[in-house]
Amino acid sequence: MSFAGDEVRVLVTFYSRGGLTERLAVLVAEGAIQGGAIIRLRRARDVNPEEVIASVPGWRENRDRMHAEYAEPRIADAEWADAIAFGTPAAEGKVSHELDTFLAQIKSNVDLRKLANKVVSPFTSTYLPGVMRDAAEQDLGIQLLKMGYIVAAAAKMDGIDDYERAREHGRRLARLTRALRNV
């Protein structure tokens with residue numbers, strides 16, 4: 001149980017096209033709640049043109065469902081949070097354009113000195129673990145370090161069946177944030 005002075009606020013923000021990163025984000029958020037955190041769960045919005053989205057089977061339907069279920073991340077969410085878990089698909093070996101757009105908004109609209117004591121942790125999803133996941137985690141981690149965040153280790157979640165590891169990632173993020181605040 002956490003007390004008012006012990007409260008930790010965790011933002012879990014992610015981009016997902018097909019649902020894998022979404023599922024892991026929900027599990028990370030569950031873990032943060034189990035760790036005593038108050039959470040906000042947000043999905044970055046698609047940046048591709050509608051004709052591109054319509055050309056890929058299932059993309060539009062998943063996008064519309066996720067837009068209905070998750071609010072778009074806002075600068076106010078990043079400022080509110082003590083800790084942030086950033087989730088991206090790893091298929092391209094880098095941060096998704098959608099999550100990158102939100103990171104650019106933070107860089108442009110927030111005094112980065114305000115981020116210096118916030119804990120962040122990247123997580124990625126892929127059906128084929130390996131080089132692409134490692135490259136995406138490294139890309140995201142470097143961006144977050146440059147922004148001034150305290151970057152915790154990335155969660156090594158290999159797929160949709162990695163439920164407990166995702167939850168533990170959320171619990172660990174809440175515990176680490178609480179411990180750093182009390183130092």
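Values reported hereafter were calculated over all heavy atoms of this structure, with side chains retained and with hydrogens, waters and symmetry mates removed. Values in this document were obtained by computation on a predicted structure and should not be read as measured data.
Taking 4.5 Å as the limit, every side-chain heavy atom of V12 sits out of range of all side-chain heavy atoms of R40. Side-chain contact between D82 and V10: absent, with no pair of heavy atoms (C-beta onward) separated by less than 4.5 Å. When side chains are defined from C-beta on, V110 counts as touching E79, because their heavy atoms get closer than 4.5 Å. Taking the side chain as every heavy atom from C-beta outward, F14 and L41 approach each other to under 4.5 Å. No side-chain heavy atom of L24 sits under 4.5 Å from any side-chain heavy atom of Y163. I75 has its side chain within reach of I106: a pair of non-hydrogen atoms, C-beta onward, lies under 4.5 Å apart. Put simply, the side chain of S16 reaches to within 4.5 Å of the side chain of M66, judged on heavy atoms. Residues N62 and R17 fail the side-chain proximity criterion, which asks for heavy atoms closer than 4.5 Å.
Between E30 and R171 no salt bridge is recorded (no basic side-chain N to carboxylate O distance below 4.0 Å).
Considering all non-hydrogen atoms of both residues, I84 and Y149 come closest at CD1-OH, 3.6 Å. Here the closest non-hydrogen pair linking S121 and A152 is OG-O, 3.7 Å. Residues A85 and V28 come closest through the heavy atom pair CB-CG1, 4.0 Å. Contact record, A174 with V8: O-CG2, 4.0 Å, taken as the closest heavy-atom pair. Residue I39 comes nearest to A32 through the heavy atom pair CG2-CB, 3.7 Å, listed as atom of the first residue, atom of the second, then distance. Taking all atoms of both residues into account, the shortest heavy-atom contact from V119 to T177 is CB-OG1, 3.7 Å.
Expressed to the nearest 0.5 Å, how far CG of L103 lies from CG of L140 amounts to 6.5 Å.
Judged purely by distance below 3.5 Å, without hydrogens or angles, the side chains of E22 and Y70 pair a donor atom with an acceptor atom. At a cut-off of 3.5 Å, with distance as the only test, a side-chain donor of W59 or D46 sits close to an acceptor on the other residue.
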message: For a salt bridge (charged side-chain N to carboxylate O under 4.0 Å, His left out) check, start with the C-alpha distance between R63 and E98, then their side-chain angles and the critical distance, and finish with the verdict.
response: CA-CA 12 Å; R63 183 222 31 213; E98 294 79 5; over 6 Å; no
- request: Go through the steps for R167 and E164 under the test salt bridge (charged side-chain N to carboxylate O under 4.0 Å, His left out), then give the verdict.
  value: CA-CA 5 Å; R167 284 187 193 100; E164 190 49 39; 3.8 Å; yes
- prompt: Going through the distances and angles, do I150 and V120 end up as a side-chain contact (heavy atoms from CB on, under 4.5 Å)?
  reply: CA-CA 6 Å; I150 299 169; V120 298; over 6 Å; no
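When the shell of 6.0 Å around NZ of K107 is examined, it contains more than 12 heavy atoms from other residues, nucleotides or ligands.
Residues M147 and L145 share a single hydrophobic cluster, defined by chaining ILVMFWY side chains whose heavy atoms lie under 4.5 Å apart.
Screening E72, E69, H67 for a side-chain hydrogen bond (donor to acceptor under 3.5 Å, both in side chains) involving R43 leaves a single residue, H67.
Using the six-membered ring where Trp is involved, F86 and F102 have ring planes that are tilted, between 30° and 60° apart.
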